[in-house]
Amino acid sequence: YKGEKKLEIQLGFLQIHHVYEVSLVMGKSGFAENVGGYEQEDEPVPNINCRMVRMEVSEDTIEMVIKFKTVKEKLVREKIVLKSDEDKVSLEFVARVLGKGKGTPMLRSGIKCVEVLPDPDETEASDWQGFD
């Protein structure tokens, strides 16, 4: 491996307890020739809050879809490492996660909310009976 490459991706404001799908398009310059061979490295510990869903390679760009889960508020940094046979690229996603009741942020282009997770603090305590 040559020196490990690092990319930082700013996701802007997100909301806590949400799952986002982040579509990135980047130039191939930082990646090895055979870009299609990259996979997410789960050593030593898999990152369950940030997963590469798929990667598509066109002539000079790479499109990557990442699933990003927000589980704590404030500044969140999630790192994943993509590796191929001859290369390693480290991606760091930086997001400002808004806590409950702090409003709904405008999402940057390429980011969409795909799921709202139940708030672990609220699930048991609610006295709501549900719909009849």
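Heavy-atom basis, side chains included; hydrogens, waters and symmetry copies ignored. A quick note: this is a predicted structure, and the numbers were derived from the prediction, not measured.
- Val71 and Ile66 fall into different hydrophobic clusters, where Ile, Leu, Val, Met, Phe, Trp and Tyr side chains are chained together by heavy-atom contacts under 4.5 Å.
- Salt bridge Glu8/Arg77: present, at least one basic N to carboxylate O contact under 4.0 Å.
- Here the side chains of Leu24 and Phe93 are in contact, with some heavy-atom distance below 4.5 Å.
- When all heavy atoms are compared, the tightest approach of Val25 to Glu63 is CG2-CG, 4.0 Å.
- Of all non-hydrogen atoms in Leu98 and Gly103, the two that sit nearest each other are CD1-O, 3.9 Å.
- Remark: side-chain polar atoms of Lys67 are not paired, donor with acceptor, to backbone N or O of Ile48 under 3.5 angstrom.
- Atom CD1 in Ile62 sits 11.5 Å away from atom CD in Glu56 (nearest 0.5 Å).
- When all heavy atoms of His18 and Cys113 are compared, the closest pair comes out as CD2-SG, 3.4 Å.
- The nearest pair of heavy atoms linking Ala95 to Leu14 is CB-CD1, 3.7 Å.
- No more than 12 heavy atoms of other residues, nucleotides or ligands lie within 6.0 Å of NZ in Lys72, so this atom counts as exposed by the packing criterion.
- Two different hydrophobic clusters hold Ile80 and Val94 under the rule that ILVMFWY side chains link at heavy-atom gaps under 4.5 Å.
- The side-chain heavy atoms of Tyr20 and Leu107, taken from C-beta on, include a pair separated by under 4.5 Å.
- For the pair Arg108 (side chain) and Gln10 (backbone), a donor-acceptor distance under 3.5 Å is present.
- Residues Leu91 and Met64 form a side-chain contact, since some pair of their non-hydrogen atoms from C-beta on lies under 4.5 Å apart.
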Audit row: Val65, Glu21, side chain to side chain contact (heavy atoms under 4.5 Å, CB included) steps and yes/no: CA-CA 7 Å; Val65 176; Glu21 206 173 75; 3.4 Å; yes
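- Here the straight-line distance linking atom NZ of Lys88 with atom NZ of Lys83 works out to 6.5 Å at 0.5 Å rounding.
- Between Asp87 and Lys5, some side-chain heavy-atom pair lies under the 4.5 Å cut-off.
- Hydrophobic clustering, with ILVMFWY side chains joined whenever heavy atoms are under 4.5 angstrom apart, groups Leu7 together with Met52.
- Under the 4.5 Å side-chain criterion, counting only non-hydrogen atoms from C-beta, Ile9 is not in contact with Glu78.
- The backbone N or O of Val81 sits nowhere less than 3.5 Å from a side-chain atom of Glu41 that would complete a donor-acceptor pair.
- Listed here is the closest heavy atom pair of Val22 and Leu11: CG1-CD2, 3.8 Å.
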Could you go step by step and tell me if Lys69 and Asn47 meet the side chain to side chain contact (heavy atoms under 4.5 Å, CB included) rule? CA-CA 10 Å; Lys69 194 189 296 180; Asn47 186 338; over 6 Å; no
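- Nearest heavy atom pair, residue Lys28 against residue Ser58, reads NZ-O, 3.0 Å.
- The side-chain heavy atoms of Thr70 and Val76, taken from C-beta on, include no pair separated by under 4.5 Å.
- Taking the side chain as every heavy atom from C-beta outward, Ser23 and Lys112 never approach each other to under 4.5 Å.
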